[in-house]
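Computed over heavy atoms, backbone and side chain alike; hydrogens, waters and symmetry mates excluded. One is the number of the first residue; the rest follow in order along the sequence.
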Amino acid sequence: MAALHGGIAFEHIVKAGLAMRHPSLLADGRDFATMLHAAGLGDKAGAPLTKVKTLGAAEAFKRLRSLLPISATERDVDSLLTARNGVAHMGFHDATQTVEALTQAVTVTDAVLRDIGEGEIDFWGPYRDKRHDLAKLQQDALDEMRRRMMEEAAEAAEWERDPLRALMNSIKPALEQEREIAEKVLATKIRYAQKLYRICTRQRLYASDMKRLAKMAEVRKWPYVDACSQTYSRCPVCGFKEGIIRSRIGEDGGEVVDEDVRECFAEMFDCPVCGLELDGGSELSAAGLKIHYYKDINTGGTFTLPLFF
């Protein structure tokens, strides 16, 4: 965005330098109505002032440079205008040219400010002394670019050397973020269940009783179209031994080679006593509940690995 704003400011300050001399210097010579407005003959223009056509930034700078000594050349400001147009029309530009472009904008702005009699302090405000630090900013930008290139090269080498480790490193930030969110959500749900459990205890009721009185389902229904496996586990809030775990049933037994065994992945936990409701493997795992087990589809029994120890 610095390139875009710098380019816009450049065009405005250059046109201010022309307008100070005479408004007609801003007119596009190909548009007679604009020239009439600039000459004070707008009543003869046949077009409103809002439709005047002025010069582009490059042509405006070319005109001003013929009237005012400026150290920057048309070639110097080309990077600024290219960067501005890149951001405005394409949404990107060569970031390595940003500082060079802004340096030219500052150079031209200072020259025009002196010419039109505007004070540098009033115009630049708190940035008066910082506007010439662009060389350092450019070096910092180059250092950052080199650092990123080195990181990308190291990452590419790791993918080639150890693809599995590279994959794990690439998804680690997302997994960490998911874990943090799950912990925060879990803490909120546990506090809610603890408060509800205290209320239920005083009333000598279960959370499922209160839901039934409120004409709600005592326990949430399985919301997926997939088959559901139901098992039980101790509630981490109230200690009820038959908190309900419901799981997706896999197509096979995973590591267990047995056509009667299916692999199950926990998705929900509901406690009918305190009302604790957990969703997804991340929340169940953070609460210390099992999220992966095996089920014998003939007997209905469940187990986890290892089997025979």
Subject >> Closest approach of Gly275 to Leu196 (non-hydrogen atoms, all atoms of both residues) >> reply: CA-CD2, 4.2 Å

Subject >> Over all atoms of both residues, closest heavy-atom pair of Cys200 and Met210 >> reply: SG-SD, 3.2 Å

**OP:** List the steps and the verdict of side-chain contact (heavy atoms from CB on, under 4.5 Å) for Asp226 and Ile249.
**Re:** CA-CA 8 Å; Asp226 302 335; Ile249 302 176; over 6 Å; no

**OP:** Please assess Thr304 against His292 for the test side-chain contact (heavy atoms from CB on, under 4.5 Å), listing each intermediate value before the final yes or no.
**Re:** CA-CA 7 Å; Thr304 58; His292 178 242; over 6 Å; no

Original post:
If you look at every heavy atom in Glu251 and Arg262, which pair is closest and at what distance?
Top reply: O-NE, 3.6 Å

**OP:** Start with the C-alpha gap between Leu276 and Cys235, add the side-chain angles, then the distance that decides, and say whether side-chain contact (heavy atoms from CB on, under 4.5 Å) holds.
**Re:** CA-CA 8 Å; Leu276 179 63; Cys235 176; 4.1 Å; yes

**OP:** Establish whether Met268 and Phe240 are linked, either directly or via other cluster members, by ILVMFWY side-chain heavy-atom contacts under 4.5 Å.
**Re:** no

**OP:** Starting at OH of Tyr293, measure out to CZ of Phe265 and round the result to the nearest 0.5 Å.
**Re:** 10.5 Å

Original post:
Below 4.5 Å, heavy atoms only, C-beta onward: do Val261 and Ile297 meet side chain to side chain?
Top reply: no

Original post:
What's the verdict on salt bridge (charged side-chain N to carboxylate O under 4.0 Å, His left out) for Lys172 and Glu176, showing C-alpha distance, side-chain angles and the deciding distance?
Top reply: CA-CA 6 Å; Lys172 185 182 295 184; Glu176 181 64 20; over 6 Å; no

**OP:** Without swapping roles, check the side chain of Ser208 against the backbone of Glu218 for a donor-acceptor pair under 3.5 Å.
**Re:** no

Original post:
Do Asp270 and Arg220 meet the salt-bridge criterion of a basic N to acidic O distance under 4.0 Å?
Top reply: yes

Subject >> Spacing of Phe61 atom CZ and Ile70 atom CD1 [to the nearest 0.5 Å] >> reply: 5.0 Å

Original post:
Are Leu25 and Lys15 side-chain neighbours, meaning at least one heavy-atom pair lies under 4.5 Å?
Top reply: no

Original post:
Between atom CG of Leu186 and atom CD1 of Ile181, what is the distance when rounded to the nearest 0.5 Å?
Top reply: 13.5 Å

Original post:
With a 4.0 Å cut-off, would you call Arg204 and Asp209 a salt bridge?
Top reply: no

**OP:** With salt bridge (charged side-chain N to carboxylate O under 4.0 Å, His left out) as the test, would you mind laying out the steps for Lys189 and Glu183 before giving the verdict?
**Re:** CA-CA 10 Å; Lys189 289 184 174 183; Glu183 288 179 351; over 6 Å; no

Original post:
Atom OG of Ser229 and atom NZ of Lys295: how far apart are they, to the nearest 0.5 Å?
Top reply: 3.5 Å

Subject >> Same apolar cluster (I L V M F W Y, side chains within < 4.5 Å links), Leu213/Ile199 >> reply: yes

Subject >> Ser285 OG to Leu278 CG distance, which is reported to the nearest 0.5 Å >> reply: 11.0 Å

**OP:** Would you give the length of the straight line joining atom CD of Glu259 to atom CG of Asn298, rounded to the nearest 0.5 angstrom?
**Re:** 8.5 Å

**OP:** Report whether Tyr197 and Tyr206 are members of the same hydrophobic cluster (ILVMFWY, side-chain heavy atoms less than 4.5 Å apart, transitive linking).
**Re:** yes

Original post:
Checking side-chain contact (heavy atoms from CB on, under 4.5 Å) for the pair Arg21/Leu64: CA distance, chi angles, key distance, verdict?
Top reply: CA-CA 10 Å; Arg21 288 163 170 78; Leu64 182 63; 4.1 Å; yes

Subject >> hydrophobic_cluster_shared for Leu67 and Val112, side chain cutoff 4.5 Å >> reply: yes

Original post:
Are Arg30 and Glu59 ion-paired here, with the side-chain N under 4.0 Å from a carboxylate O?
Top reply: no

Original post:
Mind checking who shares a hydrophobic cluster with Val219, ILVMFWY linked at side-chain heavy-atom distances under 4.5 Å?
Top reply: Tyr232, Ile244

Subject >> For the student: nearest non-hydrogen atoms of Leu289 and Arg234, plus distance >> reply: CD2-O, 3.5 Å

**OP:** Carefully, step by step, assess Arg147 and Glu151 under the rule salt bridge (charged side-chain N to carboxylate O under 4.0 Å, His left out).
**Re:** CA-CA 6 Å; Arg147 184 187 67 78; Glu151 287 182 352; 2.4 Å; yes

Original post:
Where do Glu267 and Arg248 land on the salt bridge (charged side-chain N to carboxylate O under 4.0 Å, His left out) test, with the steps shown first?
Top reply: CA-CA 7 Å; Glu267 291 286 349; Arg248 288 184 295 105; 2.8 Å; yes

**OP:** Using the six-membered ring wherever Trp is involved, compare the ring planes of Tyr294 and Phe303 and label them parallel, tilted or perpendicular (cut-offs 30° and 60°).
**Re:** parallel

Subject >> Shortest non-hydrogen separation from Ser66 to Arg63 and the atoms involved >> reply: OG-O, 2.5 Å

**OP:** Locate the shortest heavy-atom distance separating Ser247 from Trp222; write the atom from each residue and the value.
**Re:** C-CH2, 3.7 Å

**OP:** Report whether Ile291 and Ile190 are members of the same hydrophobic cluster (ILVMFWY, side-chain heavy atoms less than 4.5 Å apart, transitive linking).
**Re:** yes

Original post:
Hey, does Val256 have a side-chain heavy atom less than 4.5 Å from the side chain of Glu263?
Top reply: no

